[in-house]
Amino acid sequence: MYKAVQAMQAVAVRGGRAVRARWGAAARRDAGMATAEYAMGLVAAVAFAVVLYKVVTSGVVSEELQSIVKRALDAQV
């Protein structure tokens, strides 16, 4: 990130094709890293969702949730 800031300052001060091309390459590398980070976060979220789904749909947990809902619906107001 620091190199990208330096490159932007160089473009602002000097201008020139070589400096602009170098800044463009740095920006593309940063964009790729952000995409990879989002992809890893998405994979982790899906894995967590699968584990949570397996826990909630297991026999013991499912029965317990059903009994909680049934007691709530049968409650006297």
Side-chain angles (χ1 to χ4, degrees):
M1 186 69 168
Y2 180 71
K3 288 182 181 181
V5 171
Q6 283 181 329
M8 287 186 343
Q9 289 172 346
V11 169
V13 173
R14 286 185 244 138
R17 282 189 168 170
V19 176
R20 285 191 186 111
R22 195 170 50 228
W23 180 79
R28 284 192 298 275
R29 279 194 308 269
D30 285 346
M33 288 301 294
T35 303
E37 290 167 0
Y38 284 124
M40 291 303 297
L42 181 62
V43 168
V46 169
F48 180 73
V50 168
V51 169
L52 185 62
Y53 176 77
K54 289 291 186 181
V55 168
V56 169
T57 58
S58 69
V60 175
V61 175
S62 180
E63 290 173 15
E64 194 62 37
L65 288 173
Q66 286 177 1
S67 70
I68 290 171
V69 171
K70 186 174 181 174
R71 281 187 301 192
L73 292 175
D74 291 340
Q76 300 282 331
V77 180

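In this chain, numbering begins with 1 at the start of the sequence shown.
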Item checked: OG on Ser58 to CG on Leu65, rounded to 0.5 Å -> 8.5 Å

Item checked: Single hit among Val50, Val56, Thr57, Val51 for side-chain contact (heavy atoms from CB on, under 4.5 Å) with Tyr53 ->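 Of Val50, Val56, Thr57, Val51, side-chain contact (heavy atoms from CB on, under 4.5 Å) with Tyr53 is met by Thr57 alone.
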
Note to self: Hydrophobic cluster membership, with links at side-chain heavy-atom distances under 4.5 Å among I/L/V/M/F/W/Y: are Leu52 and Val61 in one?
What the structure shows: yes

Margin query: Measuring only between side-chain heavy atoms, which start at C-beta, is Lys70 closer than 4.5 Å to Ser67?
Written below: no

